[in-house]
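Numbering of residues begins at 1 and proceeds along the displayed sequence. Side-chain atoms are counted along with the backbone in the values below, which use heavy atoms only and exclude waters and symmetry mates. Both ligands and their constituent atoms are indexed starting at 1 by order of listing.
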Amino acid sequence: FCKNGECQKVSCSLCKKECVPCNEDEDEEEYDEAVRLGMAAHFMCAEREAELGAFKKAWEEAIEFGIKQPCPKCGHCGVKDDACTHMTCDNCSTVWCYVCGLDCASEECSKGPDPTMAECYRHNVNWHANERRCPMYLTEINQVDNSWPDDDGAAKEKLLRFRILRNLKQTYDKMGTHAYARMVAAFPGMGAACGYTEDQINEVVMDVPLFQRNPDFLEEEEEEEDDD
Ligand SMILES: [Zn+2]
Ligand SMILES: [Zn+2]
Ligand SMILES: [Zn+2]
Ligand SMILES: [Zn+2]
């Protein structure tokens with residue numbers, strides 16, 4: 001409502017538009033009807049605002065959960081340090097793999113057969129060829145896929161970006177192109193300003209693996225070692 005008490009102008013706090021012009025000459029009945037219709041139109045502003053707020057939240061979460069990996073057992077979020085891909089949960093002590101996100105003690109986690117090795121190390125055996133195994137260091141991915149950097153910081157950056165883009169693609173597909181455009185119009189910081197453009201998101205193919213494996217890698221490495 002207008003701060004000027006005599007004016008009685010009603011305006012929407014969301015779109016800042018006045019609902020009905022203040023006209024003292026109108027008879028009261030007509031005025032009430034106009035107010036009623038005007039107010040109803042602005043309830044849609046509130047709904048629209050709530051919907052866009054939900055899109056914004058989903059967008060922020062897609063990015064947040066790309067960065068933080070939750071513990072597969074308790075959901076406590078871990079952030080990877082610069083060391084190996086073995087994660088130990090601060091909360092429940094579960095040992096899990098930062099690359100695939102699986103609990104190393106679980107059935108789903110593929111492991112090499114040597115029972116004298118710790119489970120998390122067995123998960124790293126033959127990762128060059130086995131798509132269900134993961135490397136112990138992100139920098140090793142470069143050995144089989146040269147699109148990956150051999151620098152740890154850059155490799156971690158690449159992994160997070162890969163995850164975030166996939167999360168955003170899912171969120172984008174759920175909300176749709178039109179809603180995305182409305183969200184970015186309402187919250188310009190949510191679009192390409194996040195570092196992920198609409199084109200990059202659209203280019204994401206969900207079943208593309210994190211990196212290309214090379215079944216011949218181990219043999220090649222042995223040959224190199226023989227040379228040394
Ligand atoms: Zn409004
Ligand atoms: Zn945990
Ligand atoms: Zn480790
Ligand atoms: Zn793994």
- request: Kindly state whether the ring of Trp127 and the ring of Phe211 have centres lying under 6.0 angstrom apart.
  value: yes

With the Zn ion (ligand 2) as the apex, the SG/SG angle for Cys71 and Cys74 - to 10°: 110°

field: Whether Arg133 side chain and Lys111 backbone form a donor-acceptor pair below 3.5 Å
entry: yes

task: Please check if Trp148 and Val205 belong to a single hydrophobic cluster, counting links between Ile, Leu, Val, Met, Phe, Trp and Tyr side chain heavy atoms closer than 4.5 Å.
output: no

task: Run the salt-bridge test on Lys156 and Asp152 with the 4.0 Å N-O cut-off and return the result as yes or no.
output: no

message: Working to 10°, measure the angle at the Zn ion (ligand 2) formed by atom SG of Cys92 and atom SG of Cys89.
response: 110°

- prompt: Is there a donor-acceptor pair closer than 3.5 Å between any side-chain N or O of Arg166 and the backbone N or O of Val204?
  reply: no

message: So that I can check it, does any N, O or S atom in His76 come closer than 2.8 Å to the Zn ion (ligand 2)?
response: no

- line: For His86, the N, O or S atom at the shortest distance from the Zn ion (ligand 3) is ND1

Neighbouring protein N, O or S atoms of the Zn ion (ligand 4) [cut-off: under 2.8 Å, no waters]: Cys97 SG, Cys100 SG, His123 NE2, Cys134 SG

Stacked cation flag Lys73 on Trp96, 6.0 angstrom / 45 deg: no

query: Hey, is the main chain of Met136 close enough, under 3.5 Å, to the side chain of Thr85 for a donor-acceptor pair?
result: yes

query: Going from CD on Glu60 to CE on Met190, what distance comes out if it is rounded to the nearest 0.5 angstrom?
result: 4.5 Å

